[in-house]
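First comes the structure, then the notes that go with it.
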2 protein chains.
Amino acid sequence: MKDKPLRIAPTPSVRRMPRYLRCLHALRSDRVEWVSCTFLAQRLNVDPTLVRKDLALTGITGKPKVGYYLPDLITAVEKFIGWDNPEDAFLVGVGHLGTALLGFEGFARHGLNIVAGFDNDPGKIGREVAGKPVLEAAKLPDLAQRMHIRIGIITVGARNAQTVADLMLAGGIRAIWNFAPTPLDLPPGIILENEDLSGTLAVISRRLAASDDGI
Amino acid sequence: MKDKPLRIAPTPSVRRMPRYLRCLHALRSDRVEWVSCTFLAQRLNVDPTLVRKDLALTGITGKPKVGYYLPDLITAVEKFIGWDNPEDAFLVGVGHLGTALLGFEGFARHGLNIVAGFDNDPGKIGREVAGKPVLEAAKLPDLAQRMHIRIGIITVGARNAQTVADLMLAGGIRAIWNFAPTPLDLPPGIILENEDLSGTLAVISRRLAASDDGI
DNA sequence: TAGATTGTTAATCGATTAACAATC
DNA sequence: TAGATTGTTAATCGATTAACAATC
């Protein structure tokens, strides 16, 4: 069976998909069989048309009056975001944050399978964290290449983030999830997502100040 | 001296401010005195006009041909995002992620001062993490009220997030930074920022799949 | 059938980018 | 002065919302 080529999809829509999915899984637990955009929209507090357009991106079609068949819809959304077969990933920086991410059971159900951690601390190298080996950072490029790893997660401090990114590039990694509060210099074509905590802090802080001001 | 009332500012602009600030601090270390939008735009890889509009939001004015006076600019941006005087905050859920956040030295320079952690695990209550006390979760509402805490950080699992949010509301907390992968039901007026890891995972996963498809 | 819901096209909205006069 | 840069107004772009015909 030949798959359709993936069309480009608006990032905001992609970002909403996991929210739909969470809601859909909850409905499945309740033995629901059909679900409408109207219902999902109310539940997630968004516009029904937006839901309809988002779901249309997955290629599914609904039936007027009844909505979408839940099992098919779940399959379609999971396939759309590629969570039907999880990707292996490497994580560098086994501090508290790295340890937390290594231990998140939920990632496996979210398309991500972190297979190893890397660090430079001799006290950590050779140990296991959440059942995953912690290896010497210098070994990453070779291993990544041999294991065809495509996703790298950076949880080191700002100072070392670029060095780690370069190791990942050397290993042929194609997508980087960066938790370090520093911009990375990457060649074109490399997928980059920054987890921008300071940006979020700025938004919260500004909104609080604004609400003090009565707006 | 009377401050101007805060005008509403576009969220994307607010979110960019910390990036400018980081760059500005680096320039200050290099003893630079004047900086232009053109320069910042190149450095951060964004449009110069966008930088100009963002900086204008802070109320600062520049000089044609030379740009902005760096010390004034830094002050203006910090004040704009309220980082000139950090807010105290409570964190609930002292697992790996919570421990990581409690230990981030950088938050203090980013307007956030986490003064205590809360948990339900008797093995954690009464201990200290990163020099901050870990207290019983049930004590949060009373303490938050007495200490006038306005920011709450949720780092518990999805199952307990709503319960924790309710405790925070009872304590008069006005802004919630939610790391749990679940939507929260909050009354209007409460500021909410979700750290949406699964959304980011979806974007990475989808982009990888799309790049496999040659687009 | 009647009416709720889908799918699609048009209108709106907000953010980004382009154009350009004012300025030091 | 000449020219780089600011500040501002207009154009573009993309996402969201509104309107509505088609459908079961």
Side-chain angles (χ1 to χ4, degrees), chain A residues 4 7-17 19-20 23-24 27 32-70 72-74 76-77 80 196 199 202-203 206-207 210 215, chain B residues 4 7-17 19-20 23-24 27 32-70 72-74 76-77 80 196 199 202-203 206-207 210 215:
Chain A
K4 270 188 242 175
R7 276 171 306 173
I8 44 148
T11 303
S13 298
V14 177
R15 210 171 267 283
R16 277 188 295 269
M17 294 296 174
R19 297 181 57 197
Y20 297 131
C23 190
L24 297 176
L27 289 170
V32 173
E33 290 220 332
W34 294 86
V35 62
S36 75
C37 288
T38 325
F39 180 87
L40 283 174
Q42 263 188 323
R43 192 82 162 238
L44 298 178
N45 203 31
V46 294
D47 189 278
T49 308
L50 191 59
V51 178
R52 209 163 292 128
K53 288 205 162 165
D54 284 346
L55 298 188
L57 290 170
T58 70
I60 200 163
T61 61
K63 282 187 192 170
K65 184 137 167 139
V66 287
Y68 302 83
Y69 184 55
L70 188 58
D72 289 354
L73 183 52
I74 289 178
V77 175
F80 178 79
D196 181 19
V203 171
R206 173 81 192 171
R207 294 231 189 100
I215 271 300
Chain B
K4 269 187 246 174
R7 275 173 306 173
I8 43 148
T11 304
S13 299
V14 177
R15 211 171 265 285
R16 278 188 295 270
M17 294 295 173
R19 298 181 56 198
Y20 298 132
C23 190
L24 297 176
L27 290 170
V32 172
E33 290 220 333
W34 295 86
V35 61
S36 74
C37 289
T38 327
F39 180 87
L40 283 173
Q42 262 188 323
R43 192 83 162 240
L44 297 178
N45 203 30
V46 294
D47 190 278
T49 307
L50 191 60
V51 178
R52 207 163 293 128
K53 288 206 163 169
D54 284 346
L55 298 188
L57 289 170
T58 70
I60 201 164
T61 61
K63 283 188 192 170
K65 181 135 170 150
V66 288
Y68 302 82
Y69 184 55
L70 188 57
D72 288 355
L73 183 51
I74 289 178
V77 175
F80 178 79
D196 180 20
V203 171
R206 173 78 193 174
R207 294 232 188 100
I215 270 301

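Quantities reported herein were computed from a predicted structural model and do not represent experimental measurements. Excluded from the calculations below are hydrogen atoms, water molecules and symmetry mates; all remaining heavy atoms, backbone and side chain alike, are included. So you know, we letter chains A, B, ... as the sequences are listed, proteins then strands, and number each from 1.
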Could you list the protein-to-nucleotides 14-17 of chain D atom pairs, N/O on both sides, closer than 3.5 Å?
residue: D/dT16; atom: OP1; partner: A/Arg16; partner atom: NH1; Å: 2.9
residue: D/dT16; atom: OP2; partner: A/Arg16; partner atom: NH2; Å: 3.1
residue: D/dT17; atom: O4; partner: A/Lys53; partner atom: NZ; Å: 3.1

_Residue list, side chain to side chain contact (heavy atoms under 4.5 Å, CB included) with A/Thr58, at least two apart or on another chain_ = A/Met17, A/Ile60, A/Ala76, A/Val77, A/Phe80
*Rounded to the nearest 0.5 Å, what's the gap from CZ on B/Arg206 to OG1 on A/Thr11? Could you check?*
10.5 Å
*Look up atom CG in A/Leu73 and atom CG in A/Leu24, then write down how far apart they are to the nearest 0.5 Å.*
5.0 Å
*Reading DNA chain D 5' to 3', what string of ( ), [ ], | and . shows its pairs, if Watson-Crick and G-U wobble pairs count only when both distances fall under 3.5 Å?*
..||||||||||||||||||||||
*To the nearest 0.5 Å, how far apart are OH in B/Tyr69 and CD1 in B/Ile74?*
10.5 Å
What nitrogen or oxygen pairs link the protein and nucleotides 21-24 of chain D at under 3.5 Å?
none

*Starting at CG of A/Leu55 and ending at P of C/dG7, how long is that distance when rounded to a whole Å?*
9 Å
*asked:* Filter on ring-ring contact (aromatic ring centres under 6.0 Å, His included), then keep only pairs touching residues 36-57 of chain B, sequence neighbours left out; what's left?
replied: none
*Sequence neighbours left out, what passes side chain to side chain contact (heavy atoms under 4.5 Å, CB included) with A/Pro48? Give chain and number order.*
A/Ala41, A/Arg52
_If you compare every side-chain N and O of A/Tyr69 against the phosphate oxygens of C/dT6 (OP1, OP2), does one of them come in below 4.0 Å?_
no
_Rounded to whole Å, how long is the line connecting atom CH2 of A/Trp34 with atom P of C/dA4?_
19 Å
_Could you work out, with side chain to side chain donor-acceptor pair (under 3.5 Å) as the rule, every residue matching B/Thr49, not counting sequence neighbours?_
B/Asp47
*Find the distance between SG (B/Cys37) and NZ (B/Lys53) and round it off to the nearest 0.5 Å.*
12.0 Å
*Return the minimal non-hydrogen interatomic distance between B/Leu44 and B/Tyr20, and the atom names on each side.*
CD1-CD2, 3.3 Å
*Could you pull out all residues at least two apart from A/Ser13 that satisfy side chain to side chain contact (heavy atoms under 4.5 Å, CB included)?*
A/Pro10, A/Arg16, A/Asp54, A/Leu57
_Which residues pass the salt bridge (Lys or Arg N to Asp or Glu O under 4.0 Å) test with B/Arg19, not counting sequence neighbours?_
none
*Go through residues 36-44 of chain B and report each residue with a non-hydrogen atom lying under 4.0 Å from DNA chain C, sorted by number.*
none
_OP1 or OP2 of D/dG7 versus the side-chain N and O atoms of B/Arg52: is any pair under 4.0 Å?_
no
*State which residues pass side chain to side chain contact (heavy atoms under 4.5 Å, CB included) with A/Lys63; sequence neighbours excluded, sorted by chain then number.*
A/Trp34, A/Val66
_Taking the side chain as everything from C-beta on, heavy atoms only, tell me whether A/Leu40 gets closer than 4.5 Å to A/Val46._
no
